[in-house]
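A short write-up of the structure that comes next.
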Amino acid sequence: MVTLKSKYRTQTCAELRKEQAGQTVNLAGWIHRKRDHGGVLFIDLRDNYGITQVVASGNISDELQKVRVESVIQITGEVRWRAPEAINTKLPTGEIEVHTTSWELLSSADVLPFQVADDDNAPEPIRLKYRFLDLRKERLHETILLRSRIIRSIRESMYNMGFTEFQTPILTSSSPEGARDFLVPSRMHPGKFYALPQAPQQFKQLLMVSGFDRYFQIAACFRDEDSRADRSPGEFYQLDLEMSFVEQDQVFEVCEQLFTEVFPKYSDWKLSSAPFERIAFNDAMMFYGSDKPDLRIKQKLANITEIFSNTGFEVFKREIEKKGIISALKWDIESLPSRKFFDDTIEWFKTTSGQGLAYLIFENGEARGSIAKFMNEGEIDAIKSQLNITGLSVVFMGAGAKKTILPAMGQLRVKLGEQFNAVEPNTYHFCWIVDFPMFEEDPETQQICFSHNPFSMPQGGMEALETKHPLEIFAYQYDLVCNGVELSSGAVRNHRPDIMYKAFSIAGYPPEVVDEKFGGMNRAFRYGAPPHAGIAPGIDRIVRMLAQEDNLRKVIAFPMAQSAEDLLMGAPSTVAEKQLRELHIALKLPKEKEKQA
RNA sequence: GGGGUGGUAGUUCAGUUUGGUUAGAACGCUUGCCUGUCACGUAAGAGGUCGCGGGUUCAAGUCCCGUCCACCCCGCCA
């Protein structure tokens, strides 16, 4: 680091060591803590880099004693080394202290709304309103610094792999697909609006058409949707990347190199090695009940529908007749859980998924449990052999339509994994989810519709669209998943207008709709477009994962509250009448009562 | 849009189940004492519309109804 000596400081609060003893130095920073002993006063002086103990006595002690913690002061003093018994081994600067000869108050602090030196669990709205104080706390401060280092490493890896960094417009046009847009009214074009980009999707594809081979951007993305613990309201950052003349595999290669380079720099956890495991979407649902499976848990779901094809157990029989499936989760255990465990688990399952849950206990080759009496010996034996049951095991079974029972069983898998301590610790387990279905059937109307992104390339291209049943066509679309978190989503793009029109017509859209919704892109594709593919890993989620934080607000310097409000700056806010007039906007607000309803 | 949990001092919480004297504790704050602490110690003090509104009752922080706010989840969101 370049030392920038100024009138305020000759060193930072982390620099001084025994070797500087005897020197006169200037330090500046925040009063982290004060310890007043009457004749002598100790101050922990803190800055971005660390803490140094400052000592004052006599008049200076009396004056400084009156300055509140978190005020900013500058001191001049002599570095002295501490007596052996006074050394603080917890501080890198703990072998020395600075004896103040003069000082200056640079900025005084009011009484704090919450403690900075201690973690007092102040409520989030207050911490967000006083974010600048929260950011002074060590853990959050370090996380934000970590975020910077991670992004730097990501940039370096991208440049090293031959990518070029671009900037794309923030004021752009409303996009037809996906989330709600944030709109920005145009002053120069009354009645028209810009939209903030949900992602630079179209621009990066246009850059490929423009002949730039490898694009990346640390891109701000805006979506007007509600938040979650793993989803920031309003805005978030993605490592957006796109490549020409590649297929899915090359996107995987780039990501695998990126993640295996970046993650070990910031964590000593075990890390999947490249190539990452690939799981077809349908298998992920069938065996993990999720399109973002947590592979730190070894147990899988099993499809045991076949076993019950002639069952006398009414509940299963009914579901199978309705084309439903029976999904089973076997767990080998060391000792038999209490009856309460089963009751609680079934109750939890019912409240979280609205589904029923059956169980069998296998012990010494015998089966018992909630539904044992409804099963015949053949079924019990078939379960034993399919699930490979040898010792003491419990088997949970859920029956229902794939779309509802599998996610429920998937949640059960994660819950039991945590409950039985079966989540492999200190591990980043990556996998790719591939082969997403291109189309799906609307359960109510039986209409064929796009199941995910209509702009990705169908596997098999035009031929598949023309010859295969729509529900059997997969898209070149993929998610990167780590420890049950979707880190990234991408696709091989459909760069062929003819295939685009065909795909849309299968989903019931005439060519005009394609022209209307996707006209700009389609025009570009008529002048020579390279095959291209890309992906966009979420920066906030990556940092959260490496910082091991549970909430995205803890890895973002100025996050919004769940209500999509910036409590520090007071956004969103009302604006002056004049501004509205210039924008030709008249407000028609809901009445108070409607607002509440 | 729906569900869950919570709201008592600046902050964290106890008290609410079973209504009953002046609503407590810790940290912080103010004023002292203390020359070796590093979460210093110590004495005293200030600080409360118990989220807000209504109701039941002799009496409400406590019971009932409504409402607001926050966080978490579902819907939504690649």
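Each chain gets a letter, A, B and so on, in the order the sequences are listed, and its residues count up from 1.
Taking the C1' atom of each, B:rG7 and B:rC50 are spaced 10 Å apart, rounded to whole Å.
Screening residues 277-286 of chain A for side-chain hydrogen bond (donor to acceptor under 3.5 Å, both in side chains), with sequence neighbours left out, gives A:Asp249-A:Arg278.
Interface residues of residues 93-103 of chain A facing RNA chain B, ordered by number: A:Glu97, A:His99; criterion, heavy-atom separation under 4.0 Å. Using a 4.0 Å cut-off on heavy atoms, the residues of residues 68-76 of chain A that approach RNA chain B are A:Arg68, listed by number.
Under the side chain to side chain donor-acceptor pair (under 3.5 Å) criterion, A:Gln238 pairs with no residue at all, not counting sequence neighbours. Scored by the ring pair (Phe, Tyr, Trp, His ring centres under 6.0 Å) test, A:Phe216 finds A:Tyr159 as partners (sequence neighbours excluded). Residues meeting the side chain to side chain donor-acceptor pair (under 3.5 Å) test with A:Asn522, sequence neighbours left out: none. Residues passing the ring pair (Phe, Tyr, Trp, His ring centres under 6.0 Å) test with A:Phe430, sequence neighbours excluded: A:Phe259, A:Phe263, A:Phe276. Scanning for ring pair (Phe, Tyr, Trp, His ring centres under 6.0 Å) contacts around A:Phe166 gives A:Phe212, A:Tyr215, with sequence neighbours left out. Scanning for ring pair (Phe, Tyr, Trp, His ring centres under 6.0 Å) contacts around A:Phe42 gives A:His37, with sequence neighbours left out.
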All N/O donor-acceptor pairs, side-chain side in residues 83-90 of chain A, below 3.5 Å, sequence neighbours left out:
| residue | atom | partner | partner atom | Å |
| --- | --- | --- | --- | --- |
| A:Asn88 | OD1 | A:Lys90 | N | 2.8 |

Any protein N or O atoms within reach of nucleotides 69-71 of chain B? Criterion: under 3.5 Å, listing atom names and distances.
| residue | atom | partner | partner atom | Å |
| --- | --- | --- | --- | --- |
| B:rA70 | OP1 | A:Glu565 | OE1 | 3.4 |
| B:rC71 | OP1 | A:Gln562 | N | 3.0 |
| B:rC71 | O3' | A:Arg553 | NH2 | 3.1 |

- request: Using a 4.0 Å cut-off on protein heavy atoms (strictly under), produce a 5'-to-3' string for nucleotides 3-12 of chain B with B for base contact, S for backbone-only sugar-phosphate contact, and - for none.
  value: -------SSS

